[in-house]
Structures are given as C-alpha cells and as structure tokens.
Amino acid sequence: MYTNFDEMPVTLSVEQAAEALSISTVSLYKLIKKDKTFPAINMGRRIVIPKDYLKKWIDKKVNS
C-alpha cells in the first residue's frame, strides 16, 4: 500500500487502483464497465488507470 499519492506510479493496474480505492478488483471491474466517466484505458488486453485522472474523477464525484 502506498503512504501518499506521490508514491503511486503514473498509471495503476486494476489491482493497484482497487487497493487505493479500498474496493475489490471485481467491484472496480464492474465500476469501469458501468461508469463510462471512470478513467480507465485499454492497453491491449490490459486496463490501466492514470493516477492524475483517477484523482480528478474522485474530486468530481465528491463535489457533485
């Protein structure tokens, strides 16, 4: 687990993002499929989440 935002890599795997959000990977896959505003990028067969866009998505959800 990361102790702060700056320690996180530039892009997160689904597993890393789920851990950062304190949810299961299954829940995150469901969120990615359901919420088209979630900042997930398909890179071949892999899904990555840019940490800066994840933070912006969270901020938007909190402020809406």
Side-chain angles (χ1 to χ4, degrees):
M1 184 73 152
Y2 305 103
T3 57
N4 66 52
F5 181 76
D6 293 328
E7 288 183 359
M8 297 172 123
V10 174
T11 60
L12 305 171
S13 67
V14 171
E15 292 79 13
Q16 291 170 317
E19 184 178 343
L21 293 169
S22 298
I23 61 174
S24 70
T25 55
V26 172
S27 294
L28 184 52
Y29 278 115
K30 288 179 182 179
L31 177 64
I32 291 167
K33 187 175 181 178
K34 181 180 176 185
D35 186 346
K36 297 304 177 191
T37 67
F38 190 84
I41 300 170
N42 290 315
M43 298 188 80
R45 293 184 294 167
R46 198 165 170 246
I47 297 173
V48 297
I49 297 96
K51 76 172 183 179
D52 291 334
Y53 288 99
L54 178 60
K55 184 173 184 324
K56 289 176 187 176
W57 181 83
I58 293 169
D59 290 342
K60 185 177 179 182
K61 291 291 183 182
V62 168
N63 292 322
S64 61

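Since this is a predicted model, take the numbers as computed values, not measurements. Positions are given from 1 along the sequence.
Put simply, OG on Ser13 and CD on Glu19 are 9.0 Å apart, with the number rounded to the nearest 0.5 Å. Atoms CE and CD1, on Met8 and Ile49 in that order, are 10.0 Å from each other to the nearest 0.5 Å.
For the ring pair (Phe, Tyr, Trp, His ring centres under 6.0 Å) condition, the pairs that include at least one residue of residues 3-53, sequence neighbours left out, are Phe38-Trp57. Applying the side-chain hydrogen bond (donor to acceptor under 3.5 Å, both in side chains) test to pairs two or more places apart or on separate chains, none has a residue in residues 41-52.
Alongside Val26, the hydrophobic cluster contains no other residue (criterion: ILVMFWY side chains under 4.5 Å). Hydrophobic side-chain contacts under 4.5 Å tie Met43 into a cluster, directly or through other members, with Ile41, Val48.
Using a 4.5 Å heavy-atom threshold, the side chains of Pro39 and Lys56 count as separate.
Hydrophobic clustering, with ILVMFWY side chains joined whenever heavy atoms are under 4.5 angstrom apart, keeps Ile58 apart from Val10.
In plain terms, the two heavy atoms of Ile32 and Ala40 that are nearest each other are CG2-CB, 3.8 Å. Summarising the geometry of Lys61 relative to Asp35, their closest heavy-atom pair is NZ-OD2, 3.3 Å, with the distance given to 0.1 Å.
Qualifying side chain to side chain contact (heavy atoms under 4.5 Å, CB included) partners for Ala18, counting only residues two or more places apart in sequence or in other chains: Ile23, Thr25, Leu28. In this structure, the side chain to side chain contact (heavy atoms under 4.5 Å, CB included) partners of Thr3, at least two apart in sequence or on a different chain, are Glu7.
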